[in-house]
Amino acid sequence: MRQSHLFGRTLRAAPSDAQLASHKLLLRGAFVRQVAAGIWTLEPLGFRVAKKLEQIIREEIDRIGGQEMSMPVINPATLWQESGRWDSLEPNAFRFRDHDGRDFMIAFTHEEIVTAHAREDIVSYRQLPIIVYHFQTKGRDEARPRGGLVRVREFVMKDSYSIDRDFAGLDAAYEKHRDAYARIFARAGVRALMVESDPGNMGGDVAHEFQVLVEGGEDRILICENGDYRANADKATRKIEPALSQNGVPKASRIATPGASTIDQLSASLKEPSDRFLKTVLVKLDGDIAAVVLPGDRELNEAKLKARLGAKEVRFATDADFSRAGSVAGFIGPVGLRNARLIVDAGVSRGASYIAGANVKDAHLRDVVLGRDFEGEVADVHDAREGDRCPRCGGKLTMHRGIEVGNIFKLGTFYSEKLNAMYLDEDGARKPLVMGSYGIGVGRLLATVVEEHHDDKGIIWPMAVAPFQVHLLTLPHTDERVRAAADQLYAEFEQAGVEVLYDDREDSAGVKFADADLIGLPIRVIVSRRTIEKGEAEVRLRDGSKELFAPLDRVERGVKTMIDERLAAATA
RNA sequence: CGGGGCGUGGCGCAGUUUGGUAGCGCGCAGCGUUCGGGACGCUGAGGCCGCCAGUUCAAGUCUGGCCGCCCCGACCA
């Protein structure tokens with residue numbers, strides 16, 4: 001490709017509001033352009049990277065027996081009504097009506113469609129197991145797109161679906177995907193960690209995410225120093241060390257706490273550490289009032305609350321809800337609460353003495369004891385944090401930021417039961433198909449590759465995913481001898497199947513070098529007056545690891561060898 | 001959805017406070033000089049100032065409404 005005719009111009013400056021390195025560099029390097037909030041075009045450079053990522057994914061999913069197909073972007077509402085997600089995804093899906101008033105949506109993901117096909121096409125256990133997949137556009141009307149390609153409203157996902165006769169089969173398919181994902185991310189050049197995650201509204205119970213640790217990533221990940229536990233904060237637990245149960249705790253007594261409605265204020269005025277208090281949070285769980293009692297130094301984790309209690313929606317309570325529960329905001333406590341489901345966080349120690357709200361303005365109760373003064377459903381619903389102990393080994397947990405590039409879910413029979421996708425098993429019984437769902441966001445993966453491979457000048461593409469393998473520069477292009485030698489090299493590269501971007505623009509050396517650094521092709525070949533004098537060209541690696549001069553007639557072969565070595569290393 | 005910010009040639013921005021000829025840098029076109037890290041000179045093209053109303057002799061600037069984009073939070077496979 002001659003750069004003078006490449007569609008897409010590099011920009012000297014990125015918009016001042018771009019935060020992530022990938023956002024700035026992909027924009028400046030003419031890889032992507034924004035069309036609307038969270039809606040992006042991949043220009044030729046970006047598109048070539050996306051295609052390479054897709055090919056890596058394709059090869060690895062094929063390797064575990066995946067069959068590629070293609071399911072539609074436009075989905076009828078009826079299928080989503082069968083699974084119940086037509087309503088539960090509100091208002092996150094793009095919806096519209098056709099000319100006849102029928103409801104449709106842009107596929108949010110493809111569980112419904114694949115399950116509908118499976119109920120037609122799979123009739124016998126003899127056909128199983130099956131893995132099908134496709135690369136397809138998804139639409140999600142995210143409330144807040146952000147971070148360039150990281151959170152967008154339209155994106156291509158590789159989603160595969162495993163269909164098995166039983167859970168042992170599902171476990172096997174899940175493991176195959178886990179291994180395939182490890183190879184995919186390694187080949188793409190990103191360090192993706194598998195972490196335990198919350199299945200959310202996907203249905204099913206077991207789920208893992210592949211997270212690339214990136215400062216500025218939007219997910220919070222807790223990692224044990226001993227390497228045996230990694231979890232998304234939406235799911236993470238910690239080893240809880242119960243305070244010693246105290247004997248002879250005096251009867252609970254009311255104390256005056258005028259104006260002290262937060263744990264911080266109480267802690268300051270009563271000179272007691274925050275974990276001596278109980279924090280009671282009044283919420284509406286799917287419309288029903290519930291009071292969640294937490295240690296005073298802990299925050300409620302809504303994702304965990306939803307998952308543990310099987311709730312779809314958590315909202316904070318209104319003043320009216322406080323009155324109904326017989327309490328008052330700022331002074332709520334578990335003792336004497338009415339009309340509310342009481343949930344006690346696992347971090348609250350049974351038998352220990354706490355200070356809690358008295359459900360009366362400007363008053364708290366001292367010596368409140370779980371098991372004596374109140375009781376409730378125990379659930380681990382607090383936020384784990386940096387410095388907590390690992391639930392497996394007691395090691396120290398650290399908090400990191402990450403970007404989720406892929407996920408794997410054990411759906412089980414969630415969709416097959418709802419959509420009545422059954423097969424006839426060996427014993428003659430009709431049974432629901434056992435399914436799994438496995439996604440990788442291609443654009444997001446592209447962004448994380450950049451996050452992991454760049455410097456202050458630009459991108460440093462790994463060979464396996466670089467839009468072109470070689471950047472050929474002339475200094476200057478107006479010199480006839482230089483141009484002739486470079487034209488010759490360009491032809492040789494093309495002949496040899498080397499992917500080459502030829503900077504044939506009549507720009508100064510500074511401009512060409514700066515653009516080459518920005519675009520970040522792994523190998524740079526420079527033909528200049530200086531090198532031509534000796535019948536040579538300069539060969540430089542973008543990562544700075546090599547810089548040499550080679551006779552013009554040996555450049556193509558040498559470069560080809562470097563490429564092949566690097567590709568082989570990435571695939572191994 | 002709550003809070004904040006922004007919208008002016010292709011890009012990055014000033015001008016809005018105090019209404020009065022629409023600017024700067026980069027980029028772009030032509031000519032010439034230069035040529036290993038974002039060169040220089042001369043000439044030139046390019047703007048419904050986000051949109052719609054209103055106030056005014058006069059609106060980029062004031063008022064109202066709307067739209068779009070960004071950031072923080074909420075939410076989110």
Side-chain angles (χ1 to χ4, degrees), chain A residues 8-20 23-24 27-28 30 33-39 85 88-93 107-111 138 140-148 150-153 155 157 159 195 197-204 206-211 216 218-219 232 234-235 302-303 306-307 312-316 403-411 436-441 444 457-458 473-479 482-483 503 505-518 524 526-533 537-538 540 547 549:
Chain A
R9 276 190 330 128
T10 56
L11 307 175
R12 191 173 282 211
S16 49
D17 46 38
Q19 308 285 315
L20 290 175
H23 185 185
K24 289 185 227 177
L27 210 46
R28 285 223 291 134
R33 293 289 184 246
Q34 186 172 5
V35 174
I39 311 278
R85 292 209 296 175
S88 70
L89 290 178
E90 190 94 39
N92 219 329
F108 194 85
T109 174
H110 283 80
E111 278 80 10
K138 307 287 187 268
R140 297 182 188 183
D141 193 3
E142 299 285 353
R144 182 149 105 79
R146 73 184 104 185
V150 170
R151 175 156 297 270
V152 294
R153 298 196 293 170
F155 60 98
M157 176 189 270
D159 38 330
V195 310
S197 73
D198 170 21
N201 68 5
M202 290 298 299
V206 177
H208 288 87
E209 292 168 350
F210 287 79
Q211 289 275 354
E218 52 182 2
D219 291 333
N232 191 307
D234 284 348
K235 147 132 196 177
E302 287 184 33
K306 278 194 218 172
K312 282 194 179 126
E313 185 189 62
V314 179
R315 284 186 185 280
F316 285 101
I403 293 175
E404 178 190 357
V405 289
N407 52 40
I408 54 181
F409 287 96
K410 288 188 184 178
L411 300 172
S437 154
Y438 315 87
I440 293 178
R444 210 182 247 193
K457 290 181 176 150
L473 315 193
T474 46
L475 296 183
H477 196 71
T478 47
D479 185 298
V482 167
R483 198 168 59 223
D503 190 347
R505 299 172 305 168
E506 296 182 4
D507 277 297
S508 70
V511 170
K512 290 189 165 195
F513 283 136
D515 276 350
D517 288 338
L518 176 60
R524 186 176 308 173
I526 303 155
V527 180
S528 70
R529 281 195 187 124
R530 205 199 279 171
T531 65
I532 234 59
E533 290 301 321
E538 182 181 349
R540 246 202 254 179
E547 195 173 335
F549 292 84

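In the text below, chain A, chain B and the rest are named by the order of the sequence lines, each starting its count at 1. Reckoned from all heavy atoms, side chains included, excluding hydrogens, waters and symmetry mates.
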Trainee: Picking from rC72(B), rA39(B), rG36(B), which would you name as closest to the side chain of V511(A)?
Mentor: rA39(B)

Trainee: May I ask which nucleotide in the shown strands pairs with rC62(B), Watson-Crick or G-U wobble, both distances under 3.5 Å?
Mentor: rG54(B)

Trainee: So which one's nearest nucleotide on RNA chain B is more toward 5', R12(A) or E209(A)?
Mentor: R12(A)

Trainee: Is it the case that the side chain of Q211(A) and the backbone of I403(A) share a donor-acceptor pair, with hydrogens and angles ignored and the cut-off at 3.5 Å?
Mentor: yes

Trainee: For E209(A), is there an ion pair with R444(A) - N to carboxylate O distance below 4.0 angstrom?
Mentor: no

Trainee: At 4.0 Å (heavy atoms only), tell me whether A143(A) reaches a base, stays on the sugar-phosphate, or touches nothing.
Mentor: base

Trainee: Could you give the distance separating rC57(B) and rG47(B) at their C1' atoms, to the nearest angstrom?
Mentor: 25 Å

Trainee: Is the side chain of R153(A) donor-acceptor paired with the backbone N or O of E142(A) at a distance under 3.5 Å, no angle test?
Mentor: no

Trainee: Rounded to whole angstroms, how far apart are CZ on R146(A) and P on rC75(B)?
Mentor: 11 Å

Trainee: Is any N or O donor-acceptor pair between the side chain of T478(A) and the base of rC35(B) shorter than 3.5 Å?
Mentor: yes

Trainee: Using purine N1 to pyrimidine N3 plus N6-O4 or O6-N4 for Watson-Crick, or N1-O2 and O6-N3 for G-U wobble, each under 3.5 Å, what pairs with rC35(B)?
Mentor: none

Trainee: Without decimals, in angstroms, what is the distance between Q34(A) CD and rG7(B) C1'?
Mentor: 14 Å

Trainee: Can you check whether R529(A) has a side-chain N or O nearer than 4.0 Å to OP1 or OP2 of rG36(B)?
Mentor: no

Trainee: Suppose we define a pair by two distances each less than 3.5 Å, Watson-Crick or G-U wobble; what does rC75(B) pair with here?
Mentor: none

Trainee: Report yes or no: is there a donor-acceptor pair, N or O only, under 3.5 Å between the side chain of R151(A) and the base of rC76(B)?
Mentor: yes

Trainee: NA contact type, E538(A), heavy-atom cut-off 4.0 Å: base, sugar-phosphate, or nothing?
Mentor: base

Trainee: Give D515(A) one of three labels, base, sugar-phosphate or nothing, depending on what nucleic acid heavy atoms sit under 4.0 Å from its own.
Mentor: base

Trainee: Roughly how many Å apart are rG12(B) and rA53(B), using the P atom of each and rounding to a whole number?
Mentor: 29 Å

Trainee: Kindly confirm or rule out a cation-pi arrangement of R540(A) over F513(A), judged by NZ or CZ under 6.0 Å from the six-membered ring centre and within 45° of its axis?
Mentor: yes

Trainee: For the P atoms, the ones on rG64(B) and on rG5(B), what distance do you get once it is rounded to whole angstrom?
Mentor: 15 Å

Trainee: Identify whether any heavy atom of K138(A) sits under 4.0 Å from a base atom; if not, whether one sits that close to sugar-phosphate; answer base, sugar-phosphate or nothing.
Mentor: nothing

Trainee: If we only count heavy atoms from C-beta on, is the K512(A) to L475(A) side-chain gap below 4.5 Å?
Mentor: yes

Trainee: Please state how far atom CZ in R9(A) lies from atom P in rG10(B), giving the value in whole angstrom units.
Mentor: 11 Å

Trainee: Using the P atoms only, state how far rC13(B) lies from rG50(B), rounded to an integer number of Å.
Mentor: 15 Å

Trainee: Distance check, C1' atoms only: rG38(B) and rG44(B), in whole angstrom units.
Mentor: 23 Å

Trainee: Nearest whole Å is fine: how far is rU34(B) P from D507(A) CG?
Mentor: 18 Å

Trainee: Using both distances under 3.5 Å as the test, list the Watson-Crick or G-U wobble partner of rC42(B), or none.
Mentor: rG30(B)

Trainee: Whom does rU18(B) pair with, Watson-Crick or G-U wobble, provided both distances fall under 3.5 Å?
Mentor: none

Trainee: Considering only atom P, compute the distance from rC52(B) to rC75(B) and round it to an integer number of Å.
Mentor: 39 Å

Trainee: Mind checking if R33(A) touches a base, just sugar-phosphate, or nothing, with heavy atoms under 4.0 Å?
Mentor: nothing

Trainee: In whole Å, I'd like the distance from the CD atom of E142(A) to the P atom of rA74(B).
Mentor: 15 Å

Trainee: Give E218(A) one of three labels, base, sugar-phosphate or nothing, depending on what nucleic acid heavy atoms sit under 4.0 Å from its own.
Mentor: nothing

Trainee: Using atom C1' in both nucleotides, what's the gap between rA29(B) and rC71(B) to the nearest angstrom?
Mentor: 38 Å

Trainee: What is the distance, rounded to the nearest whole Å, between atom CG of L11(A) and atom P of rG38(B)?
Mentor: 19 Å

Trainee: With rounding to whole Å, what would you report as the distance between rA39(B) and rC26(B) at their C1' atoms?
Mentor: 14 Å

Trainee: Taking any strand in view, what nucleotide pairs with rC24(B) in a Watson-Crick or G-U wobble way, both distances under 3.5 Å?
Mentor: rG12(B)

Trainee: Look at the side chain of R33(A) and the backbone N and O of L27(A), then say whether any donor-acceptor pair between them is shorter than 3.5 Å.
Mentor: yes

Trainee: Look at the side chain of R540(A) and the base of rG37(B), then say whether one donor and one acceptor between them are separated by less than 3.5 Å.
Mentor: yes

Trainee: Hey, does R153(A) reach any base, or is it just sugar-phosphate, or nothing, if we go heavy atoms under 4.0 Å?
Mentor: nothing

Trainee: Check every strand shown and say whether A37(A) touches a base, only sugar-phosphate, or nothing at a heavy-atom separation below 4.0 Å.
Mentor: sugar-phosphate

Trainee: Would one find a side-chain N or O of Q19(A) under 4.0 angstrom from OP1 or OP2 of rC72(B)?
Mentor: no

Trainee: rC76(B) P sits how many Å from K235(A) NZ, rounded?
Mentor: 17 Å

Trainee: Below 4.0 angstrom, N of the basic side chain to O of the carboxylate: do D517(A) and R524(A) qualify?
Mentor: yes

Trainee: I want to check one thing: is the phosphate of rC75(B), taken as OP1 and OP2, less than 4.0 Å away from some side-chain N or O of K306(A)?
Mentor: no

Trainee: Which residue, K512(A) or G439(A), contacts RNA chain B at a nucleotide closer to its 5' end, judged by nearest heavy atom?
Mentor: K512(A)

Trainee: H110(A) and K138(A): side-chain donor and acceptor closer than 3.5 Å?
Mentor: yes

Trainee: When both hydrogen-bonding distances must be under 3.5 Å and the geometry is Watson-Crick or G-U wobble, what is rG47(B) paired with, if anything?
Mentor: none

Trainee: Can you say whether a donor on the side chain of S508(A) sits under 3.5 Å from an acceptor on the base of rG38(B), or the other way round?
Mentor: no

Trainee: Specify the separation, in whole Å, of atom CG of N92(A) and atom C1' of rA74(B).
Mentor: 13 Å

Trainee: At under 4.0 Å between heavy atoms, what does R524(A) touch on the DNA or RNA strands: base, sugar-phosphate, or nothing?
Mentor: base

Trainee: Which part of the nucleic acid, if any, lies within contact of A36(A), taking any heavy atom under 4.0 Å across all strands shown: a base, the sugar-phosphate backbone alone, or nothing?
Mentor: sugar-phosphate

Trainee: Under a plain distance cut-off of 3.5 Å, with no hydrogens placed, do E111(A) and S437(A) share a side-chain donor-acceptor pair?
Mentor: yes

